[in-house]
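Reading through the structure tokens given below for one structure.
Since the model is a prediction, treat every value here as computed from it, not as a measurement. Position 1 is the first residue of the sequence, and the numbers go up from there. Atoms within a ligand are numbered from 1 in the order they appear, just like the ligands themselves.
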Amino acid sequence: MVRIATYASHSALQILKGAKDEGFETVAFGKSRVKLLYTKYFPVADYFLEDTYPENDLLRLDAVVIPTGSFVAHLGVELVEKMKVPYFGNKKVLRWESDRNLERKWLEKAKLRLPRVYDDPDDIDGPVIVKPHGAKGGRGYFLAKNPEDFWEKAGRFLGIKDKEDLKNVQIQEYVIGIPVYPHYFYSRIKGELELMSIDRRYESNVDAIGRIPAREQLDLDIDITYTVIGNIPIVLRESLLIDVLEAGERTVKAAEELMGGLWGPFCLEGVFTPEMEFVVFEISARIVAGTNPFIHGSPYTWLKYNEPMSTGRRIAREIKMAIENDELEKVVT
Ligand code: AMP
Ligand code: AMP
């Protein structure tokens, strides 16, 4: 009997609740300190294993692991690639996603609007956001407005002194717009793309800056940080939905050509400009925690399902359909 397992953080409550709603037994694994969160305060885990990745126990329990940002961050891409427990999704995507150059190639192939990338900081002619490779969740990012500003901050924050040291950062045009993170689900069993929900992140301290008058901001000399604290649901202007869906379809198609497919949940992270263009700066090829406000479903899932359908539950349903059709190997790697 297949059980659904995930690492105890990020969106595990949603994933395990969704799995139980679809009739699966569930397994959470992770730090002992959070055990009661998943077994007592929110009783969604039938088993709790106190380990970062208890491979033998997971194999014994016939588990399918649902990857999350936390799972991949704690285990590391190399170990995830080698794991023996079935993994929901296409592991080949991990390399494409973790290398900013490959990721860009993928998104370009999908014909998405991307921020301009500056190879030479001395070309900076407008606001930029500087992203060190491997920086997660916006930690270590900084903004700059011209080459002098860039070199001063690159030295102060990253110890970068000359162009030799630039291999490990990407300098992106800072696109001014409203952050919008659509959550998709591509069903490999049905060959269909669904829009599950949309969020924006609530980040400290960037979302607090606007509460301080501009004069004080200048006096306090605040450096911006993007630490995710929570997520806020968004319902999009209806005429923009078709753009978002077409962007998702092209992303799946490009993945089929480049890496044998992208299935299950994924998210395009971007902003809508005043010209109503969706500029995408990142892809997350798995469930994002921005789906958590929608444990009981979203306005979009309610249009399609006459029952509460979270992304977590949709994953479990996909696995259930795959098992019923005897094609589980189609959705795990
Ligand atoms: P955690 O397990 O909370 O330490 O998170 C692991 C990774 O997932 C980090 O890169 C976080 O930035 C990301 N993450 C966790 N929770 C959220 C959230 N609510 N929204 C967006 N990203 C998140
Ligand atoms: P992320 O790396 O996706 O977690 O991004 C961290 C924060 O930086 C988020 O608030 C994004 O909205 C913002 N951000 C990232 N790239 C850009 C960009 N090119 N233009 C504007 N904002 C960005």
Side-chain angles (χ1 to χ4, degrees), residues 6-15 28-31 33-34 37-38 52-53 66-77 80 97-98 100 103-104 107 112-118 124 126-145 169-183 197-210 223-234 265-274 277-295 310-312:
T6 197
Y7 182 77
S9 188
H10 191 274
S11 47
L13 290 168
Q14 180 199 159
I15 291 169
F29 52 92
K31 297 199 172 83
R33 179 166 173 247
V34 297
L37 189 64
Y38 298 91
T52 310
Y53 172 57
I66 313 302
T68 64
S70 291
F71 176 67
V72 177
H74 283 90
L75 216 60
V77 170
V80 174
E97 205 194 358
S98 58
R100 281 196 210 282
E103 182 185 34
R104 196 166 171 93
L107 301 181
L112 301 180
R113 298 271 315 174
L114 306 178
R116 175 176 168 196
V117 167
Y118 292 84
I124 295 174
V128 296
I129 181 164
V130 182
K131 303 181 172 187
H133 286 313
K136 278 274 168 277
R139 217 170 301 147
Y141 291 7
F142 64 86
L143 303 181
K145 55 181 185 279
V169 298
Q170 192 178 70
I171 307 167
Q172 282 184 6
E173 165 197 4
Y174 185 86
V175 184
I176 299 177
I178 288 295
V180 171
Y181 290 49
H183 317 135
S197 45
I198 307 173
D199 84 301
R200 60 155 296 183
R201 291 180 182 171
Y202 207 29
E203 293 162 326
S204 194
N205 59 15
V206 69
D207 289 314
I209 302 279
D223 288 316
I224 284 186
T225 53
Y226 298 93
T227 304
V228 177
I229 301 298
N231 307 82
I232 305 175
I234 291 189
F266 68 99
C267 174
L268 294 177
E269 308 180 349
V271 295
F272 266 97
T273 66
E277 263 185 326
F278 185 40
V279 183
V280 174
F281 40 74
E282 205 154 337
I283 179 165
S284 261
R286 62 188 64 75
I287 186 169
V288 291
T291 56
N292 287 336
F294 309 102
I295 290 183
S310 67
T311 292

Element-labelled atoms of ligand 2 that are located less than 4.0 Å from some non-hydrogen atom of [X]:
{"X": "Pro115", "answer": "19 (N)"}
{"X": "Glu269", "answer": "3 (O)"}
{"X": "Glu203", "answer": "7 (C), 9 (C), 10 (O)"}
{"X": "Glu282", "answer": "1 (P), 2 (O), 3 (O)"}
{"X": "Tyr181", "answer": "9 (C), 11 (C), 12 (O)"}
{"X": "Tyr141", "answer": "1 (P), 2 (O), 5 (O), 6 (C)"}
{"X": "Glu173", "answer": "18 (C), 19 (N), 20 (N)"}

Between ligand 2 and [X], is the shortest N or O to N or O distance under 3.5 Å?
{"X": "Val175", "result": "yes"}
{"X": "Tyr226", "result": "no"}
{"X": "Tyr174", "result": "no"}

Legend entry - Partner residues of Glu269 under the salt bridge (Lys or Arg N to Asp or Glu O under 4.0 Å) criterion, sequence neighbours left out: Arg201
Inset, instruction - Please identify each residue that fulfils salt bridge (Lys or Arg N to Asp or Glu O under 4.0 Å) with Glu97, with sequence neighbours left out. - result: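 Glu97 satisfies salt bridge (Lys or Arg N to Asp or Glu O under 4.0 Å) with Arg286 once adjacent residues are dropped.
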[Y] and [X], any side-chain heavy atoms less than 4.5 Å apart:
{"X": "Thr311", "Y": "Gln14", "answer": "yes"}
{"X": "Phe142", "Y": "Asp223", "answer": "no"}
{"X": "Gln170", "Y": "Ile129", "answer": "no"}

Legend entry - Contact with ligand 2 for Tyr202, non-hydrogen, under 4.0 angstrom: no
Legend entry - Val271 heavy atom under 4.0 Å from ligand 2: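 No, Val271 has no heavy atom closer than 4.0 Å to ligand 2.
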Inset, instruction - Among Ile66, Asn292, Thr6, find the one that has a side-chain contact (heavy atoms from CB on, under 4.5 Å) with Ser11. - result: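 When Ile66, Asn292, Thr6 are each tested with Ser11, the side-chain contact (heavy atoms from CB on, under 4.5 Å) holds only for Asn292.
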Legend entry - Shortest non-hydrogen separation from Ser197 to Thr291 and the atoms involved: OG-CG2, 4.2 Å
Inset, instruction - Work out which heavy atom in Val206 is nearest to a heavy atom in Tyr226; give both atom names and the distance. - result: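 Residues Val206 and Tyr226, closest heavy atoms: CG1-CD2, 3.7 Å.
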Check ligand 1 against [X] and write out every atom of the ligand that is under 4.0 Å from a heavy-atom position of the residue.
{"X": "Ser9", "result": "1 (P), 2 (O), 3 (O)"}
{"X": "His10", "result": "8 (O), 14 (N), 15 (C)"}
{"X": "Ala289", "result": "16 (N), 17 (C), 18 (C), 19 (N), 20 (N)"}

Inset, instruction - Would you confirm whether Glu277, through its side chain, and Phe272, through its main-chain N or O, come within 3.5 Å as a donor-acceptor pair? - result: no
Legend entry - More than 12 heavy atoms from other groups under 6.0 Å of CD1 on Ile178: no
Inset, instruction - Take atom CZ of Arg113 as the centre, draw a 6.0 Å sphere, and report whether it contains more than 12 heavy atoms from other residues, nucleotides or ligands. - result: no
Legend entry - Part of Ser70 within contact of ligand 1 (heavy atoms, under 4.0 Å): both
Legend entry - For ligand 2, the portion of Lys131 having any non-hydrogen atom under 4.0 Å away: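 Answer for Lys131: side chain.
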Legend entry - Asn231, any N or O under 3.5 Å of ligand 1 N or O: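 It does: an N or O of Asn231 is found under 3.5 Å from an N or O of ligand 1.
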